[in-house]
Amino acid sequence: MSDSDTTGMTGPTDDAEHSDGSAAVLAPLDDRLADLVALYEDLHRHPELGFQETRTAAEAARRLTGCGYDVTTGIAETGVVGVLRNGPGPVVLLRADMDALPVTENSGLDYASTVPGRMHACGHDVHVTCLLGAADLLAAARDRWSGTLVVLFQPAEEVGSGARAMLDAGLYTKGLVPTPDVVLAQHVAPLGAGLIAYCPGPCMAAADSLEITFHGNGGHGSRPETTVDPILMAAAFVQRVQSVVAREVAPADRAVVSVGSFQAGDTANVIPDRAVVRLSVRTFDETVRTAVLAAIDRIARAEAAASGADRAPETEVLDSFPVTVNDATTLRQVNEQFTGLFGEQRVFVYEPATGSEDAGLLATAAGAPLYYWWLGGWDPEEFRTALAAGRLAQDIPSNHSPHFVPVVRPTLTMGVQALTAAALNQLSRAGTDPDPAEATDRAGRDGAAIRV
């Protein structure tokens with residue numbers, strides 16, 4: 001990103017009147033902002049882990065009910081959906097994830113987490129706040145659009161199972177919500193607040209988290225010759241597995257293999273019976289993914305055999321995310337809206353992220369296109385200074401850091417505006433007839449979903 005891409009990112013542009021009628025829908029936002037800030041700070045103080053988001057879900061349901069949505073709660077434990085039917089037109093689904101992380105906050109803010117060892121370190125409190133703000137504005141402006149709006153608050157994104165759990169609970173097949181024609185979502189990122197970033201095509205990696213247990217024969221630390229040491233076995237694996245990306249993946253094929261946990265033994269003078277390694281694999285191509293996972297398995301087995309282990313290592317898949325792929329047509333349509341609303345300097349293309357998401361499952365299960373973009377959340381001046389110095393990685397905390405807390409303004413303002421504008425871009429204008437071909441296609445997909 002060039003220096004010119006950071007100009008004018010201290011707040012939303014005043015050119016909303018050029019954004020195809022969204023100005024009138026967004027006009028009440030200023031009056032609602034104080035309430036949204038209070039909501040955000042409350043959510044940040046009370047983080048909840050995956051499938052435990054009862055407090056967050058209750059607040060989302062309460063607000064949606066007050067706005068006139070048909071609300072269903074308790075989907076996959078804590079999932080919440082609101083449906084607003086407003087005449088003929090497409091079905092547009094807006095999604096926010098709700099769960100926090102097992103991270104101890106180190107921000108020093110007066111609204112820091114009050115729950116020990118828990119923090120909204122990935123910005124899902126921003127996502128919930130922005131979606132509730134957009135849901136409110138869109139409900140208040142029914143005369144400006146036609147169609148059906150679905151707002152979905154998803155549990156357990158961080159462990160990769162929330163979207164799948166909602167689908168397995170019958171999100172589409174049991175008619176909890178109508179099958180969407182398009183799925184839209186955003187994620188706050190360590191970019192300057194006031195920026196929107198997007199990536200065409202595959203934008204976030206597939207992820208596989210693995211737990212590999214190496215089995216040895218324990219014994220006294222003074223007599224290692226009587227043991228098969230699983231620590232040595234696993235340590236050799238940790239070093240050797242780094243060669244998979246360096247030597248088995250072509251430079252043009254992106255992949256990441258990271259070991260995040262190594263657990264073995266309890267005391268200094270006892271060689272344990274086993275060692276457990278946890279690692280994460282990120283890929284953008286299914287062929288590369290298959291090859292990398294096979295290489296990891298091959299190296300684990302080879303190290304066990306080289307150590308003389310009489311039992312092969314065991315591998316468990318802890319979680320798995322698919323590749324997140326943006327639809328080209330939807331991206332182009334919504335970006336035209338973003339450019340008109342925010343200005344060209346604030347909407348820019350970004351490289352694919354090796355982080356992972358499960359929002360794409362909500363789209364693929366419906367046979368619908370997805371557009372997933374990044375919302376800048378860091379202090380604009382700090383971001384600009386770090387960018388100019390070439391120190392973004394060093395000076396700007398990333399998601400999942402105990403220091404990652406987005407600035408409230410203009411992050412919340414722009415997040416609400418972006419979701420609202422994207423939804424309006426995909427919904428029909430009030431009083432217009434839906435395209436017959438689109439209606440037929442939607443009916444066919446709804447019928448297919450019911451037959452699953």
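Only heavy atoms go into these numbers, but all of them, side chains included; no hydrogens, no water, no symmetry mates.
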Exercise. Are side-chain heavy atoms of Ser161 and Asp319 found at a separation under 4.5 Å?
Worked result: no

Exercise. Does Arg118 come within less than 4.0 Å of Asp99, counting only side-chain N to carboxylate O?
Worked result: no

Exercise. Tyr172 and Leu362: side chain to side chain contact (heavy atoms under 4.5 Å, CB included), yes or no, with the steps?
Worked result: CA-CA 9 Å; Tyr172 304 146; Leu362 300 171; 3.8 Å; yes

Exercise. Is Asn326 reaching over with its side chain to a backbone N or O of Cys199, donor-acceptor style, under 3.5 angstrom?
Worked result: yes

Exercise. With the threshold set at 4.0 Å, does a side-chain nitrogen-carboxylate oxygen contact exist between Arg289 and Asp285?
Worked result: no

Exercise. Which word best sums up how the rings of His120 and His124 line up, parallel for under 30°, tilted for 30 to 60°, or perpendicular for over 60°?
Worked result: tilted

For this session: Could you check if a side-chain atom of Leu176 sits within less than 4.5 angstrom of a side-chain atom of Ile75, using non-hydrogen atoms only?
Result: yes

Exercise. Roughly how far apart are Leu387 CG and Glu382 CD, rounded to 0.5 Å?
Worked result: 13.5 Å

Exercise. Quick check: does any side chain N or O of Thr330 sit under 3.5 Å from a backbone N or O of Pro369, one acting as donor and the other as acceptor?
Worked result: no

For this session: Side-chain contact test, heavy atoms from C-beta onward, threshold under 4.5 Å: evaluate it for Leu171 versus Leu152 and give yes or no.
Result: yes

Problem set entry | Flag, side chain of Asn86 to backbone of Arg142, donor-acceptor distance under 3.5 Å | yes

Problem set entry | Exercise: identify the closest heavy-atom pair between Thr283 and Val323 | O-CG2, 3.9 Å

Problem set entry | Heavy atoms of other groups near Gln52 CD, more than 12 under 6.0 Å | yes

Exercise. Which side-chain hydrogen bond (donor to acceptor under 3.5 Å, both in side chains) pairs, counting each pair once, include a residue from residues 388-408, with sequence neighbours left out?
Worked result: Glu158-His400, Arg391-Asp395

Seminar exercise, completed: On a heavy-atom basis, the closest approach of Phe284 and Pro202 is CD2-CB, 4.2 Å

For this session: List the steps and the verdict of salt bridge (Lys or Arg N to Asp or Glu O under 4.0 Å) for Asp30 and Arg32.
Result: CA-CA 5 Å; Asp30 286 345; Arg32 289 164 164 78; over 6 Å; no

Exercise. If we ignore angles and hydrogens, is there a donor and acceptor under 3.5 Å between the side chains of Tyr372 and Glu357?
Worked result: yes

For this session: Take Val256 and Val245, measure what side chain to side chain contact (heavy atoms under 4.5 Å, CB included) needs, and give me the verdict at the end.
Result: CA-CA 7 Å; Val256 176; Val245 172; 5.8 Å; no

For this session: State the CG-OG1 distance between Asn335 and Thr339, to the nearest 0.5 angstrom.
Result: 6.0 Å

Problem set entry | Any side-chain donor near an acceptor of the partner, Ser356 and Arg282, under 3.5 Å | yes

Problem set entry | Beyond-backbone contact of Ser280 with Asp208, side-chain heavy atoms, under 4.5 angstrom | no

Exercise. Where is the tightest heavy-atom contact between Gly415 and Leu375, given as atom of each residue plus distance?
Worked result: CA-CD2, 3.6 Å

Exercise. Would you find a donor on one side and an acceptor on the other, under 3.5 Å apart, between the side chain of Glu53 and the backbone of Phe51?
Worked result: yes

For this session: Please identify each residue that fulfils ring-ring contact (aromatic ring centres under 6.0 Å, His included) with Tyr371, with sequence neighbours left out.
Result: Trp373

For this session: Supply the atom-to-atom distance Glu41 CD to Leu412 CG, rounded to the nearest 0.5 angstrom.
Result: 9.0 Å

Problem set entry | Interatomic spacing from CZ in Arg63 to CD in Glu59 - rounded to 0.5 Å | 4.5 Å

Exercise. What's the shortest heavy-atom distance between Ala423 and Leu184, and which atoms?
Worked result: N-CD1, 4.0 Å

For this session: Please report the shortest heavy-atom distance between Ser146 and Pro90, naming the atom on each side.
Result: O-CD, 4.1 Å

Exercise. Donor-acceptor pair, His127 side chain versus Val188 backbone, under 3.5 Å?
Worked result: yes

Exercise. Are any of the side-chain heavy atoms of Trp145 and Gln426 separated by less than 4.5 Å?
Worked result: no

Exercise. What class does the angle between the rings of Phe404 and Trp378 fall in, given that below 30° is parallel, 30 to 60° is tilted and above 60° is perpendicular?
Worked result: parallel

Problem set entry | Val128 side chain reached by Asp125 side chain, heavy atoms, under 4.5 Å | no

Exercise. Does atom CD of Gln239 have more than 12 heavy-atom neighbours, drawn from other residues, nucleotides or ligands, at distances under 6.0 Å?
Worked result: no

Exercise. Do Arg409 side-chain atoms and Val37 backbone N/O form a donor-acceptor pair below 3.5 Å?
Worked result: no

Exercise. So, Asp358 side chain and Ala163 main chain: donor-acceptor pair closer than 3.5 Å or not?
Worked result: yes

For this session: Taking all non-hydrogen atoms of both residues into account, name the closest pair between Gly194 and Pro410 and its distance.
Result: N-CG, 4.1 Å

For this session: Could you check if a side-chain atom of Val81 sits within less than 4.5 angstrom of a side-chain atom of Leu64, using non-hydrogen atoms only?
Result: no

For this session: Taking the side chain as every heavy atom from C-beta outward, state whether Leu84 and Asp70 have any pair of such atoms under 4.5 Å apart.
Result: no

Exercise. Given the rule in the side chain to side chain contact (heavy atoms under 4.5 Å, CB included) test, do Thr78 and Gln154 qualify, once you have shown the distances and angles that lead to the verdict?
Worked result: CA-CA 8 Å; Thr78 52; Gln154 179 201 307; over 6 Å; no

Exercise. Phe338 vs Phe342 aromatic rings, parallel, tilted or perpendicular, using cut-offs 30° and 60°?
Worked result: tilted

Exercise. What distance separates Leu29 CG from Leu36 CG, expressed to the nearest 0.5 Å?
Worked result: 7.0 Å

Exercise. Roughly how far, to the nearest 0.5 Å, is CD1 of Ile196 from CG of Leu191?
Worked result: 9.5 Å

Problem set entry | Full working for side chain to side chain contact (heavy atoms under 4.5 Å, CB included) between Cys122 and His187 | CA-CA 9 Å; Cys122 202; His187 202 301; 3.5 Å; yes

For this session: Keeping the roles fixed (side chain from Thr114, backbone from Arg45), state whether a donor-acceptor pair exists under 3.5 Å.
Result: yes

Exercise. Okay, side chain of Glu48, backbone of Arg55: is any donor-acceptor separation there less than 3.5 Å?
Worked result: yes

